[in-house]
Amino acid sequence: MARVSSLLSFSLTLLIFFHGYTAQQFPNECQLDQLNALEPSHVLKSEAGRIEVWDHHAPQLRCSGVSFTRYVIESKGLYLPSFVNTAKLSFVAQGRGLMGKVIPGCAETFQDSSVFQPRQGRQFEGQGEEGQSQRFHDMHQKVEHIRSGDTIATTPGVAQWFYNDGQQPLVIVSVFDLASHQNQLDRNPRPFYLAGNNPQGQVWLHGREQQPQKNIFSGFGPEVIAQALKIDLQTAQQLQNQDDNRGNIVRVQGPFGVIRPPLRGQRPQEEEEERVGNGLEETICSARSVDNLDDPSRADVYKPQLGYISTLNSYDLPILRFIRLSALRGSIRQNAMVLPQWNANANAVLYVTDGEAQVQIVNDNGDRVFDGQVSQGQLIVVPQGFSVVKRATSDQFRWVEFKTNANAQINTLAGRTSVLRGLPLAVITNGFEISPEEAKRVKFNTLETTLTHSSGPASYGRPRVAAA
Amino acid sequence: MARVSSLLSFSLTLLIFFHGYTAQQFPNECQLDQLNALEPSHVLKSEAGRIEVWDHHAPQLRCSGVSFTRYVIESKGLYLPSFVNTAKLSFVAQGRGLMGKVIPGCAETFQDSSVFQPRQGRQFEGQGEEGQSQRFHDMHQKVEHIRSGDTIATTPGVAQWFYNDGQQPLVIVSVFDLASHQNQLDRNPRPFYLAGNNPQGQVWLHGREQQPQKNIFSGFGPEVIAQALKIDLQTAQQLQNQDDNRGNIVRVQGPFGVIRPPLRGQRPQEEEEERVGNGLEETICSARSVDNLDDPSRADVYKPQLGYISTLNSYDLPILRFIRLSALRGSIRQNAMVLPQWNANANAVLYVTDGEAQVQIVNDNGDRVFDGQVSQGQLIVVPQGFSVVKRATSDQFRWVEFKTNANAQINTLAGRTSVLRGLPLAVITNGFEISPEEAKRVKFNTLETTLTHSSGPASYGRPRVAAA
Amino acid sequence: MARVSSLLSFSLTLLIFFHGYTAQQFPNECQLDQLNALEPSHVLKSEAGRIEVWDHHAPQLRCSGVSFTRYVIESKGLYLPSFVNTAKLSFVAQGRGLMGKVIPGCAETFQDSSVFQPRQGRQFEGQGEEGQSQRFHDMHQKVEHIRSGDTIATTPGVAQWFYNDGQQPLVIVSVFDLASHQNQLDRNPRPFYLAGNNPQGQVWLHGREQQPQKNIFSGFGPEVIAQALKIDLQTAQQLQNQDDNRGNIVRVQGPFGVIRPPLRGQRPQEEEEERVGNGLEETICSARSVDNLDDPSRADVYKPQLGYISTLNSYDLPILRFIRLSALRGSIRQNAMVLPQWNANANAVLYVTDGEAQVQIVNDNGDRVFDGQVSQGQLIVVPQGFSVVKRATSDQFRWVEFKTNANAQINTLAGRTSVLRGLPLAVITNGFEISPEEAKRVKFNTLETTLTHSSGPASYGRPRVAAA
């Protein structure tokens, strides 16, 4: 009986332990005492590429309310059209390709205007191998060239596809804003496939027995599809991709025939202006959704010896006002330091595209919750208010930061526009118990605003939580 | 001891089962593997009608963040003024009546201008039976006629009443947006009664011992009410409706004397323009909040043989921008089909007002989560991104959809403005492994945009979850 | 075995009890059957003052999604710069002082233009005691005088400091909007310290083992700070305040030398207009964020015999549109009554600055959930839709209400702009089963809009929950 009693109290203790004041009753997913550089937790393999998914239940991702995915599309790989329940911001980390989005109600503004000659189509290559498509003019919505450095905004529910027309893999990383009111479902990323499938299922979801994920057509009765599209039942069944095991990135056989504009640089500057249409077309259908962050000539901070930083917010790309995300691209050289700073009104998700850096992050308690190396392909989150300093430890350190605010603001701890410069000397002398002379040095010695030289990371210790 | 151990592990297993990765830690209320056509779960009976409440804890309603209620007001029934903690969008499914809202700070713009003659008042009928009210001019805020098809927007905290002045029951359905930031309480609908009561209590709430729900005056001390209204204690006590058991819909004895405008159609077009006032009056007090969706002459999609669809968004009714809801009214004939589509940026709550239809709904996993009949008086939710197709199976199928976005956008899977039309042929051929000829048929065969003929639901099976 | 079985069922019962339909599965933190006047639950003592924190897990604060703190800064006390993860609205309840905010990217617009003479600086007092600072001109961001009645808006992530330059304690109360989307972390208040520390730790957080809270510099390696600020390692270590045990409010030794404008009243009216700058400076850097609510000459409701009420919303102070909070200041005399009312679109947090009052609050069920005295220094929440009546029971009753909406609207139950006035007589007679004569008295007897005389609280009983 004593045992039973003790078992009982143990059960009760367990209950209290799990319940007493835990995350369930009083959510505190941002009580982050330690951060880690994160790598993908799930890999979905496809015929011509793979989709790498970060576990969005990881504490730092839960705290920031986002999920993160990397798409690796091989040469001639086609990422089949899909859409998600959230706003999405993507960055082309490597390679080049084509991208198409299908926006509801917008016109097919890309039309083949030349008489079609099989195997001679210039803009409209491919498709000709069948012979019967002679004199047929395809038309579809906008197709855009994308290349390394492009940042792409996508609204919820809009289907999007990518095609790698280069030689090296096309690598795209995307952040999904689960916490925004634009996601009207729960806080899980939910891709919907128009074509293709995902034999492994939505492995990133908890609590659902995993089933292979199929495309939308697959869920309807074939006779419904046949009636809706006015096609025969056999074609309708083919749309369901039931026997397809290529996944969601397929290899294109032969040429990929889509109508495409000339590459950027060749195209006339007035491209955006030349469209004439109704209000809808002007505002939504032709809204610019891509900008390139890799051109140092448009950098916001540029120091030849140190590197550059470019930001993309809703002043640059108005659609960001709508999806409430923004981005920052950084590229610094060995031993350059990004001065310590914090995000005033956003969480930041930092993804390393090249090289590596030493990073320190400090939380609300003044504890160093991260002190280590982050390398190419890794991810780290800097939650709102947490301070961060970065120092390149390879020849080049390049990264992209996605921020959960259309106009994310940073505050720096050092430098010409820093918080210390804004404080009166008397606050500094009294706050830190230092002399006016020291305070003046603290306040005025660093003249740079964002980037400075660093003698390199000396003797980094381990994360120092609460070392008094 | 072995038993105790096994019990312990069983307990632990239970704990883990309940805790390991459940909805509590990682909310996933939109993991919907099966939907159902929903009927009301609670009926509150009143003297002259009833209030039918759908259980807002039902998974599909929790996922979409709304609650739903149907009010059935008998002839001469008065739904007493009440307000709620959420934005609300209502649709008059049947009948006609009067509606009044009391907006804080707005003037009593409805005044009886004629000298009052007992029993002869034309616009201001009734009230005369007392005799003493001679020469008395009532004045109150705007009263509007409502009729079948009217869609009514109501902001949080605004008291509203309805009166059925027709012969048949007045049926109103309302959606309450619990998930919006305009609801500053928790995700429960909370009606506050100004008069009347609800002897059954708020049966739709969990976790509170049910008590009869009384009106607001009932909660104050009678002497407080007497002082505030400068009335005697006895009248104050009568305002508390303590001995009243009529519920919240009461039967009006004798004529119902309110100042009312002439019925629509009779009234001059410039009614909205004629008011002159200060900024407040012009913006909030006189803001239009009602529009009728049953007039085919203003339909957005109209096909004489098939039916029509009308939408109401913030471009039509600007107050919807504020309450962030919109509506769609559909009416189709036997064997007409609404082409498969999904909601890009909203959840949709579909309520059937007449007839019945076969509906298929497909979730993010490509599973058919609903495949069945929905009939008059039933409700079904179509969450963001889920695809849906509807086919009328009665002479007439009429429904109303409430959407959780002021400008909800749909994407169609078939038809002239569909996602397939926007995709290049090469994406379709490669995605579905079909020939260019087949792809052309898939893309171009259906010329309609929203409605098409259907040969009727042939051999519907049961929901087919994960049939490979 | 029987025991084990019963233990098992007991465990199961427990599980069901905790799980069946509790707040965890279906959050219902606004199911408030009883409210209490709240006092601070934690006191953080500092060298020159104290910080008093209300437990934000208290049901009424959780329901309204805010946390609340009182700062008591003694004469010559300096509240060191810190920032939080939320929008904040503060009210100076007592005393006077100086305030500085450091807004990222804004210029140091306060510069010492006169040649500096040690110990003779007029505007720029102090600092001179060191002698070496001769000819040195400090410059920093805006410093403002604050005094009793000032209401101060602060955006997330912006560092702010206060200095008490008066004789009596400077008392500031602040509300933190945890539920707003501007807080991108979880629903906990998280102050970040730039200087100083908090030896007691963040005692208001659950689920974290308490550690002393240190400043941000403390979390970085000293060599990082030295490199970033280009100072020596020793000064860098001093910035970490490691051996400092003064807390976050420190006593200033000697004069407090900051550049400050002349006191209000003395300064020219065109102060706001005289700045010329770029768009950023005009919009954000110079945005007005302080307004005084204690000047009866600008009251919204003013009755010499009864008192006055002033409101501050986004029409008065545009920055409130951004932080989505507003405030109300009330001051009434003995036996004046604020007529019963409810907040249509906001939760209200009421803090008593002087005197005491009898308050009754009624919830959605018509139950009186509070009926008692609230006194100086106490807090009570009035959730959205809940009705409240207040009667002064001391010579003066003065309070401030923070509301979770930039344009909070109230609806009154009595008076010239009340909901009863807006209803037609027929609704009142039928709703309350009273005669037209009684209804006319109910509707028209009280001519005041907000304040009226009261014969005082007679026989208040205890909270009367569900007395039928």
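Basis for what follows: all heavy atoms, side chains included, without hydrogens, waters or symmetry-related copies. Lettering of chains follows the sequences in order, A, B, ..., and the numbering in each one begins at 1.
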Side chain, backbone, both or neither: which part of A:N183 has a heavy atom under 4.5 Å from chain B? both
Of the listed B:G415, B:G385, B:A414, the one with the largest count of heavy-atom pairs under 4.5 Å with chain A is B:G385
Best-contacting candidate, A:N197, A:D244, A:V252, against chain B by heavy atom pairs under 4.5 angstrom: A:V252
Looking at B:L339, B:I361, B:T446, B:L420, which has the largest count of heavy-atom pairs under 4.5 Å with chain A? B:T446
Test A:V224 against B:R391 for side-chain contact (heavy atoms from CB on, under 4.5 Å), laying out the working first. CA-CA 10 Å; A:V224 170; B:R391 287 185 288 183; 3.3 Å; yes
Go through B:E433 and A:Q253 one step at a time and tell me if the side-chain contact (heavy atoms from CB on, under 4.5 Å) criterion holds. CA-CA 10 Å; B:E433 297 189 294; A:Q253 308 299 337; over 6 Å; no
Where is the tightest heavy-atom contact between A:F220 and B:L413, given as atom of each residue plus distance? CE1-CD1, 3.9 Å
Top contributor to chain A contacts, counting heavy-atom pairs under 4.5 Å, from B:I434, B:L423, B:I410, B:I428: B:L423
For chain A, find which of B:T417, B:T412, B:V442 contributes the most heavy-atom pairs closer than 4.5 angstrom. B:V442
Does any part of the side chain of B:V427, heavy atoms only, come nearer than 4.5 Å to the side chain of A:P81, both counted from C-beta? yes
Once the angle between the rings of B:W342 and A:F83 is folded into 0 to 90°, is it parallel (under 30°), tilted (30 to 60°) or perpendicular (over 60°)? parallel
Least distance between heavy atoms, B:P340 atom then A:A228 atom: CD-CB, 3.6 Å
Among the listed options B:N343, B:T452, B:V362, the residue most often paired with chain A at heavy-atom distances under 4.5 Å: B:V362
I'd like to know if the side chain of A:D186 reaches the main chain of B:C30, judged simply by a donor and an acceptor atom lying under 3.5 Å from each other, with no hydrogens or angles considered. yes
Verdict with supporting geometry, A:H181 and B:H181, side-chain contact (heavy atoms from CB on, under 4.5 Å): CA-CA 9 Å; A:H181 74 288; B:H181 74 287; over 6 Å; no
Part of A:R251 within contact of chain B (heavy atom distance under 4.5 Å): backbone
Counting heavy-atom pairs closer than 4.5 Å to chain B, which one of A:I231, A:N248, A:L185, A:N198 comes out on top? A:L185
Give the intermediate values and the outcome of side-chain hydrogen bond (donor to acceptor under 3.5 Å, both in side chains) for residues B:N365 and A:Q211. CA-CA 8 Å; B:N365 214 46; A:Q211 305 284 355; over 6 Å; no
Can you tell which part of A:I225 gets under 4.5 Å to a heavy atom of chain B, answering side chain, backbone, both or neither? neither
Ionic contact status for A:K214 with B:D367, cut-off 4.0 Å: yes
What part of A:I216 gets within 4.5 angstrom of chain B, counting heavy atoms only: side chain, backbone, both, or neither? both
What residue in A:R187, A:K101, A:H57 has the most heavy-atom pairs under 4.5 Å with chain B? A:H57
Taking all non-hydrogen atoms of both residues into account, name the closest pair between B:N411 and A:G157 and its distance. ND2-O, 3.1 Å
Heavy-atom contact with chain B under 4.5 Å, split by part of A:L80: side chain
Donor-acceptor contact present, side-chain A:N241 to main-chain B:G431, <3.5 Å: yes
Chain A: which of B:Q341, B:M337, B:H453 shares the most heavy-atom pairs with it under 4.5 Å? B:M337
Hits for side chain to side chain contact (heavy atoms under 4.5 Å, CB included) against A:E108, two or more places apart or cross-chain, chain-then-number order -> A:M139, B:R421
After noting the C-alpha distance and the side-chain angles of A:R190 and B:Q384, does the key distance pass the side-chain hydrogen bond (donor to acceptor under 3.5 Å, both in side chains) rule? CA-CA 10 Å; A:R190 299 186 179 274; B:Q384 185 185 24; over 6 Å; no
Apply side chain to side chain contact (heavy atoms under 4.5 Å, CB included) to B:N345 and list each qualifying residue two or more places apart in sequence or on a separate chain. B:N405, B:A408, B:Q409
Rounded distance (nearest 0.5 Å) linking atom CZ of B:R441 with atom OG1 of A:T235: 5.5 Å
Identify the two heavy atoms, one from A:F256 and one from B:N430, that lie closest to each other, and give their separation to 0.1 Å. CD1-ND2, 4.2 Å
Counting N and O atoms only, with roles assigned by atom type, does the side chain of A:Q184 sit under 3.5 Å from a partner on the main chain of B:P383, one being a donor and the other an acceptor? no
Please rank A:R246, A:H56, A:Q182 by heavy-atom pairs under 4.5 Å with chain B and give me the top one. A:R246
The interface call for B:R324 against chain A, heavy-atom contacts under 4.5 Å, is side chain
Under 4.5 Å from any heavy atom of chain B - which part of A:N188: side chain
Looking at A:L194, A:V143, A:V158, which one has more heavy-atom pairs under 4.5 Å with chain B than the rest? A:L194
Examine distances only and state if a side-chain atom of A:Q213 and a backbone atom of B:D364 form a donor-acceptor pair shorter than 3.5 Å. yes
Contacting region of A:V250 [heavy-atom separation from chain B under 4.5 Å]: side chain
Given heavy-atom pairs under 4.5 angstrom as the criterion, report whether the side chain, backbone, both or neither of B:V388 touches chain A. backbone
For A:V84, which atoms come within 4.5 Å of any heavy atom of chain B: side chain, backbone, both, or neither? neither
Mark yes or no for whether A:D138, through its side chain, and B:L425, through its backbone, hold a donor-acceptor pair below 3.5 Å. yes
To the nearest 0.5 Å, what is the distance between CZ (A:F192) and OG (B:S387)? 7.5 Å
Look up atom CG in A:L229 and atom NZ in B:K443, then write down how far apart they are to the nearest 0.5 Å. 13.0 Å
Under 4.5 Å from any heavy atom of chain B - which part of A:N215: both
So, for A:Q227 and B:S454, which heavy atoms are closest and what is the spacing to 0.1 Å? OE1-OG, 2.8 Å
